[in-house]
*Asks:* 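Structure provided below as structure tokens; questions to follow.
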Amino acid sequence: MKTKIVTKKHFEFYGCDTVELAREYGTPLYVMSEDHIIERCNEIKEDFLQKYENTRAVYASKAFLTKEMCRIIKREGLGIDVVSGGELYVAIKSEFPMEKVIFHGNNKTFSELELAVENNVGRIVVDNLYELEMLNNIASEFDKKMEILFRITPGVDSHTHKFISTGQLDSKFGIPLDEEILYGAIYKAIQMPNIELKGFHFHVGSQLFENTSHLKALEILINLMKEAKERVGFETRELNVGGGFGIYYKNGDERAKLRDFMDPIMECLKSECREFNLSIPQVIIEPGRWIVGEAGITLYRIGSIKKIPGVRTYVGINGGLPDNPRPALYDAKYEAVVANKMDEENEDIVTIAGKCCESGDILIWDLEVPRLTPGDILAVKSTGAYNYSMASNYNKIPRPAVVMVKDGQERVIVKRETYEDLIAREI
Ligand SMILES: *Cc1c(COP(=O)(O)O)cnc(C)c1O
């Protein structure tokens, strides 16, 4: 850990010389900025938590989860949400306060729920009736009362890629807005001895730049709150409106301002609750990508440069799909710079190809770059969310290290995988 002098030729990321980082820690390398994460947490505090009473914010840990990330989020005072036993285990191992953990998932297993009950996880977001029964039984065995929300499928479409849109009626997530199913579930939950229903949850999608889907879903949920009170006397005390706030990936994007997203939601909730004579529930948000997406970059070393005359130039990097599957999964777009040639003009248009045996392993199509030579360092931006957490060992490629940067100083928070790691569990 040492402070480095950044030269103008080199791409600087939060006070660190990325070429030096690549040299020191090798490539591919995930570099994360703790300063950026703290800035986002501060925006959440200023524009949401301190502005509105009875609110909470949890970090959707599936975006990027390590023990160190848990410690940062804990120090910043936010909660986290987890979607599997494995994510919950990381939270437990980092001594994250369990009352601030929210457990999601459309098919939680018996052992995952058992782990959650055993560790007194603060909220379980129940997705279906099967889960509700199972949770009540487990809680009764532990002689505990678990506080839950129901995940509701609000039946709204969000303007984003089909695979990251979650709130439409035809969805694998949540309880559909079907009278019989929904009120059956509510009625059942409020009578269960080891369950305490606190309210509802919805999550409409991801990488959204406007809140129209959130507002539509909110209208539906307020209606549900009103009906649930009239029909079964159930008073909603918590409303979790999910995450999905968009960030900058490429030219034309602008990271959503939290207040632009949340102010109209809070206004709408307040006025409609007043109108329907409902008490205002606690509001919870769950941003993932918005907190860590722009906090991360990935550094690669350029190898082969293949010019197909009259067609295109393929530039090979020493990573790709295994460390960032998003372009192949969702056609995600990224921007990149040549970190060691920041003082040179762009002269060529090239296609950045990953090193996997898949034609679909193309990281960036048609990127403008200076004249390249093998050994150059490519820095791909906005890779903090859903990169490390989605990484695989396809083609037996070891996963990169993760370096966390703060105040111009870096520290390794995840070691690079070795070939030995790749066979460590093989018999
Ligand atoms: C993925 C997810 C989030 C976070 O989504 P982002 O787009 O990363 O903000 C929040 N809530 C739930 C239930 C999720 O599944």
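Atoms within a ligand are numbered from 1 in the order they appear, just like the ligands themselves. In this chain, numbering begins with 1 at the start of the sequence shown.
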*Asks:* Regarding Arg312 and Asp366, does a basic nitrogen lie under 4.0 Å from an acidic carboxylate oxygen?
*Replies:*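 Judged by the 4.0 Å cut-off on N to carboxylate O distance, Arg312 and Asp366 do form a salt bridge.
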*Asks:* I'd like to check whether Lys62 has a polar contact with ligand 1, where a contact means an N/O of the residue lying under 3.5 Å from an N/O of the ligand.
*Replies:* yes
*Asks:* Should Lys396 and Glu426 count as an ion pair when the cut-off is N to O under 4.0 Å?
*Replies:* yes
*Asks:* Can you tell which part of Ala60 has a heavy atom less than 4.0 Å from ligand 1: side chain, backbone, both or neither?
*Replies:* side chain
*Asks:* Looking at ligand 1, does Ala63 have a heavy atom less than 4.0 Å from it?
*Replies:*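 Outside the 4.0 Å threshold, so no.
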*Asks:* In terms of side-chain geometry, is the basic nitrogen of Glu147 or Lys198 positioned less than 4.0 Å from the acidic oxygen of its partner?
*Replies:* yes
*Asks:* Is Glu272 salt-bridged to Lys226, cutoff N-O under 4.0 Å?
*Replies:*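 So Glu272 does not pair with Lys226 through a salt bridge.
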*Asks:* Within a distance under 4.0 Å of any heavy atom of His201, pick out the atoms of ligand 1 and give their elements.
*Replies:* 13 (C)
*Asks:* Could you tell me whether Asp263 and Lys51 have a side-chain N and a carboxylate O separated by less than 4.0 Å?
*Replies:* yes
*Asks:* Would you call Arg75 and Glu34 a salt bridge, taking side-chain N to carboxylate O under 4.0 Å as the test?
*Replies:*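 Salt bridge: yes.
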*Asks:* Does this structure show an ion pair linking Lys216 with Glu219, if we count only N-O contacts that are shorter than 4.0 Å?
*Replies:*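 Salt bridge flag = no for Glu219 with Lys216.
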*Asks:* Go through ligand 1 atom by atom and flag the ones less than 4.0 Å from a non-hydrogen atom of Gly243.
*Replies:* 9 (O), 10 (C)
*Asks:* Run the salt-bridge test on Asp331 and Lys333 with the 4.0 Å N-O cut-off and return the result as yes or no.
*Replies:* yes
*Asks:* Relative to ligand 1, is His104 under 4.0 angstrom through side chain, backbone, both or neither, heavy atoms considered?
*Replies:* side chain
*Asks:* For ligand 1, is there an N or O atom under 3.5 Å from any N or O atom of Phe245?
*Replies:* no
*Asks:* Please work out, at 4.0 Å between heavy atoms, whether the side chain, the backbone, both, or neither of Tyr386 comes within that distance of ligand 1.
*Replies:* side chain
*Asks:* Does ligand 1 come near enough to Arg289 that some N or O of the ligand is less than 3.5 Å from an N or O of the residue?
*Replies:*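 Arg289 vs ligand 1: N/O contact under 3.5 Å present.
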*Asks:* Any nitrogen or oxygen of Ser206 lying under 3.5 Å from a nitrogen or oxygen in ligand 1? Just yes or no.
*Replies:*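 It does: an N or O of Ser206 is found under 3.5 Å from an N or O of ligand 1.
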*Asks:* Output yes when a side-chain donor or acceptor of Asn136 lies under 3.5 Å from a complementary backbone atom of Asn194, and no otherwise.
*Replies:* yes
*Asks:* Got an N/O contact under 3.5 Å between Gly288 and ligand 1?
*Replies:*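 N/O-N/O distance under 3.5 Å: yes.
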*Asks:* Using a 4.0 Å cut-off to any heavy atom of Pro287, which atoms of ligand 1 qualify?
*Replies:*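 Checking each atom against Pro287, I get 9 (O).
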*Asks:* Please identify which atoms of ligand 1 are closer than 4.0 Å to at least one heavy atom of Arg151.
*Replies:*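 Taking each heavy atom of Arg151 in turn, ligand 1 has 13 (C) under 4.0 Å.
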*Asks:* Indicate, as side chain, backbone, both or neither, the part of His203 found under 4.0 angstrom from ligand 1 when only non-hydrogen atoms are considered.
*Replies:* side chain
